[in-house]
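In listed order, ligands and their atoms are each counted from 1. Quick caveat, the model's predicted, so the values are computed rather than measured.
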Amino acid sequence: MRVLAFALVAAICGCSESPPATPPPAPFATAAITAEHIARWSRTCALCHANGEGGAPRIGDTAAWAPRLAQGEDVLLAHTLEGFNNMPPLGYCMDCEGDDFRALIRFMATEVPPS
Ligand code: HEC
């Protein structure tokens, strides 16, 4: 009986299994990335994020982005809007709005570099 109860508890809470290694969720997973966003990225963010200028995390460099993504979307967006060390406020995209920045960050942090 005691064994059964333990098995039940373990089954309900999943305690007997080690937690699955889930990768962090893609940032701004609901932000749609359009061709226009990619064009804007090429004119603005790419100046630094294509080649790592000033220590910028490069597009598609998942190792460089991982600790940044771990900060959460709110911090990433705030650092983009307000600037962060060598990262200029708005990242030079003066006509981008919140959803545009969400899409641009998602594009950089989760896509492979354009060839
Ligand atoms: C003039 C160069 C430059 C431009 C242009 C630029 N960035 Fe950055 N960005 C940086 C640098 C440098 C860092 C790293 C700052 C640090 O960690 O000290 C950075 C970091 C970031 C981060 C991570 C912030 C964090 O909290 O770790 C995000 C997100 C980001 N940039 C988004 C953008 C977006 C979106 C654009 C285009 C709209 C853009 N950047 C344009 C230089 C730039």
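- Considering every non-hydrogen atom in both Leu104 and Cys45, the closest pair reads CD1-SG, 4.0 Å.
- Under a 4.0 Å criterion applied to the non-hydrogen atoms of Tyr92, ligand 1 contributes the atoms 1 (C), 5 (C).
- Residue, atom and distance of the protein heavy atom nearest to atom 4 (C) of ligand 1 are Cys48 SG, 3.4 Å.
- Of the candidates Arg106, Arg102, His49, His79, His49 brings a heavy atom nearest to atom 30 (C) of ligand 1.
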Test Met87 against His49 for side chain to side chain contact (heavy atoms under 4.5 Å, CB included), laying out the working first. CA-CA 10 Å; Met87 163 76 199; His49 287 273; 4.0 Å; yes
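- In this structure, the side chain of Arg40 does not engage the main chain of Cys93 through any donor-acceptor pair within 3.5 Å.
- Under the 4.5 Å side-chain heavy-atom criterion for grouping Ile, Leu, Val, Met, Phe, Trp and Tyr, Trp65 is not connected to Leu47 through any hydrophobic cluster.
- Counting protein heavy atoms only, atom 19 (C) of ligand 1 is closest to Met87 CB, 3.4 Å.
- The distance from ligand 1 to the heavy atoms of Leu90 drops below 4.0 Å at these ligand atoms: 38 (C).
- For the pair Phe84 and Arg68, the minimum side-chain heavy-atom distance is below 4.5 Å.
- With a 4.0 Å heavy-atom cut-off, ligand 1 is reached by the side chain of Phe101 but not by its N, CA, C or O.
- What sits closest to atom 29 (C) of ligand 1 on the protein, heavy atoms only, is Thr80 OG1, 3.4 Å.
- In terms of polar-atom proximity, defined here as any N/O pair under 3.5 Å, Arg68 does make such a contact with ligand 1.
- A donor-acceptor pair is defined here as one N or O able to donate and one able to accept, closer than 3.5 Å; such a pair exists between the side chain of Asn51 and the backbone of Glu53.
- Ligand 1 has at least one atom lying under 4.0 Å from a heavy atom of Met108.
- Ring pair Trp41/Phe107 is perpendicular by interplanar angle, where above 60° counts as perpendicular and below 30° as parallel.
- Atoms of ligand 1 found under 4.0 Å from any heavy atom of Pro57, numbered from 1 in the order shown, are 13 (C), 14 (C), 19 (C), 20 (C).
- The proximity of Ala56 to ligand 1, defined as any non-hydrogen pair under 4.0 Å, involves the side chain as well as the backbone.
- Taking a 4.0 Å cut-off on heavy atoms, Gly55 registers as neighbouring ligand 1.
- In this structure, Leu90 and Phe101 have side chains that are in contact, with non-hydrogen atoms separated by less than 4.5 Å.
- At least one heavy atom of Trp65 sits under 4.0 Å from some atom of ligand 1.
- Hydrophobic clustering (ILVMFWY, side-chain heavy atoms < 4.5 Å, transitive): Ile59 and Tyr92 are in distinct clusters.
- Here the protein heavy atom with the shortest distance to atom 15 (C) of ligand 1 is Phe84 O, 3.6 Å.
- Close approach to Gly54 involves these atoms of ligand 1, each under 4.0 Å from a residue heavy atom: 12 (C).
- Put simply, no part of Leu77 is less than 4.0 Å from ligand 1, judged by heavy atoms.
- Side-chain contact between Pro27 and Thr110 is present, with at least one heavy-atom pair separated by less than 4.5 Å.
- Residue Gln71 places at least one N or O, backbone or side chain, under 3.5 Å from an N or O of ligand 1.
- Near Asn85, meaning under 4.0 Å from one of its heavy atoms, ligand 1 places the atoms 16 (C), 18 (O).
- Counting atoms of ligand 1 from 1 in the listed order, those under 4.0 Å from a heavy atom of Glu53 are 12 (C).
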Step by step, would you call Asp100 with Glu36 a side chain to side chain contact (heavy atoms under 4.5 Å, CB included)? CA-CA 10 Å; Asp100 300 318; Glu36 170 61 18; over 6 Å; no
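- The closest side-chain heavy-atom distance from Ile105 to Glu73 is not below 4.5 Å.
- Of all atoms in ligand 1, numbered sequentially from 1 with element shown, those under 4.0 Å from a heavy atom of Cys93 are 38 (C).
- Among protein heavy atoms, the minimum distance from atom 34 (C) of ligand 1 is reached at Cys45 SG, 3.4 Å.
- Any N or O atom pair closer than 3.5 Å counts here, and Thr44 shares no such pair with ligand 1.
- A donor-acceptor pair under 3.5 Å is formed between the side chain of His37 and the backbone N or O of Thr34.
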